[in-house]
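Being a predicted model, the structure only gives us computed values, none of them experimental. The chains referred to below are lettered A, B, ... by the order of the sequence lines, with proteins before strands, and numbering in each begins at 1.
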Amino acid sequence: MSDASWRPTAAHDALKARADLLRTVRAFFDGRGVLEVSTPLLAAHAVSDEHIDAIEVPGHGWLQTSPEYHMKRLLAAGSGPIYQIARAFRHGEAGARHNPEFTLLEWYRPGFDLNALVEECLALLTPLCGAGAERHRFRELFATVTGLDPLTAPARELAARAERAGAPAGLNGPQAVDYLMAVEVEAALDPALLTVVEDFPGWAAALAQTTEDRDGAPVARRFEIYHRGLELANGYQELLDADEQARRFERDNEKRRASGKPPMTADPYLLAALRAGLPPCSGVALGLERLQMAVSGAGRIEQVWAFPSERA
Amino acid sequence: MASYSTSEFKSGLKLMLDGDPCSIIENEFVKPGKGQAFNRVKLRNLKTGKVIERTFKSGDSLEGADVLDVTMQYIYSDGEFWHFMDPNTFDQKPAGADAVGDAKQWLKEEDMCEVTLYNGEPLSVSPPNFVELEITQTDPGLKGDTAGTGGKPATLSTGAVVRVPLFVQEGEVIKVDTRTGEYVGRIKN
């Protein structure tokens with residue numbers, strides 16, 4: 001341990017900016033009649049997502065990777081619109097833009113379709129970031145930057161294209177699309193704008209509804225918002241069908257097993273809540289540290305987070 | 001040797017890559033949305049010194065390299081090998097010209113050096129940051145001169161050539177920064 005490692009990595013101004021940001025967010029939702037809630041950080045079940053690993057607390061369960069499941073249970077119980085400023089934990093996610101413990105601003109809007117939620121996100125973000133917005137469909141944006149259609153290009157072409165951009169060999173189609181999205185497409189976005197990317201590929205639906213795009217290709221009712229090269233927010237028109245949710249849990253676990261990860265038990269509470277009836281709604285999770293980084297121009301998360309995992 | 005998953009990657013970690021021991025310089029975690037995560041890693045090949053960039057799928061693992069930095073005393077050279085001794089165990093290791101590299105021009109008997117061992121054999125040698133060496137040859141300079149006129153070359157007992165101020169004379173012992181190869185000062189006897 002070096003002598004100075006007890007010190008916070010974020011300057012005092014960054015701590016103040018965080019406090020201001022939290023106040024602004026609370027005032028925004030208060031003004032719109034959205035209820036602030038608190039749900040458990042430690043619970044018996046965690047997500048089954050192939051690419052998100054929860055941290056296990058032996059004897060207790062799992063630290064939550066997002067408050068999504070508990071918030072959906074509140075919605076199914078008739079909470080109405082809700083938001084939460086929640087800590088979230090993800091194993092192995094550490095780097096310039098990631099810390100294993102971070103803060104999500106997550107909110108759900110019964111009766112909103114995806115477009116209404118995108119508009120609300122921009123109403124929050126536009127003044128905070130002092131930036132205008134543009135919207136793109138995932139498929140067209142990806143094709144413009146990489147020259148390949150992410151939905152129809154053969155997997156080997158996508159993998160070869162990713163390898164030319166420095167990816168490891170042997171990626172499957174979705175992995176190659178993920179790589180190119182992170183390395184080339186995100187880098188090509190205008191950093192001065194808030195960029196909304198909509199209609200993600202169907203395989204990337206997670207907990208979003210799926211539909212068909214203009215050409216009949218399966219796409220997810222999902223969007224992401226980027227600013228200054230940072231991915232800020234990820235939103236869904238939420239899946240309501242309990243049986244489809246159960247199938248996605250199962251498919252997630254097949255993928256987890258195939259990549260050598262332990263399967264996760266499907267959360268029976270979430271499935272029961274969906275059976276009882278989740279109101280049609282859209283929801284979004286926004287990384288608060290990322291937002292503060294974008295607003296302040298910080299290049300590393302520890303500039304806005306006082307004690308990153310190496311010092312915590 | 002243990003293997004290390006990408007989640008354990010950090011700078012300084014020694015790994016085997018393409019059959020050579022490497023040290024991580026930088027590890028950048030890249031994760032698009034909820035998709036596949038990657039680690040973009042910059043490594044130094046410890047044999048060649050070359051810097052390599054490689055991207056791994058997060059969750060992949062690499063075998064650790066049996067690489068150890070130890071402080072050893074330089075004892076002598078037989079012309080082919082430079083011999084180092086562990087001052088605690090008195091264990092001796094011969095290092096070849098490849099391992100000693102540019103360090104050899106700074107090696108003075110009994111000086112303590114950082115020796116990087118790979119599978120127990122010297123892979124590279126770092127001389128002390130400062131060494132004190134005798135000048136064996138330099139042109140006579142003007143007496144009253146002070147540093148700042150560009151100086152003159154001086155050959156040291158190890159064969160190294162450094163620039164010294166004009167007033168420094170043959171037979172004097174000087175202190176040199178081995179990282180820059182620059183003269184630091186005279187050592188008064």
**Fill in**
What one should report as the nearest heavy-atom pair of A:G92 and B:S7 is CA-CB, 4.0 Å
Using a 4.5 angstrom heavy-atom cutoff, name the option from [options] with the most pairs to chain B.
options	answer
A:M181, A:Q175, A:R222	A:Q175
A:G95, A:G170, A:A96	A:A96
A:G166, A:A204, A:A167	A:G166

State whether the number of non-hydrogen atoms from other residues, nucleotides or ligands found under 6.0 Å of [X] atom [atom1] is greater than 12.
X	atom1	value
B:N119	CG	yes
A:H91	NE2	no
A:R247	CZ	yes

Heavy-atom cut-off 4.5 Å, strictly under: side chain, backbone, both or neither for [X] against chain B?
X	value
A:Y179	both
A:V183	side chain
A:E93	both

**Request:** Taking heavy atoms only and a threshold strictly under 4.5 Å, list by residue number the residues of residues 34-64 of chain B that touch chain A; give 'none' if the list is empty.
**Result:**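 Residues of residues 34-64 of chain B touching chain A at under 4.5 Å: B:K34, B:G35, B:Q36, B:F38, B:R40, B:T55, B:F56, B:K57.
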**Message:** Is there a side-chain contact between A:E231 and B:K31 in this structure, where contact means two heavy atoms from C-beta onward sitting under 4.5 Å apart?
**Reply:** no
**Prompt:** Who passes side chain to side chain contact (heavy atoms under 4.5 Å, CB included) against A:A94, sequence neighbours left out?
**Reply:**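 Side chain to side chain contact (heavy atoms under 4.5 Å, CB included) check on A:A94 returns A:P100.
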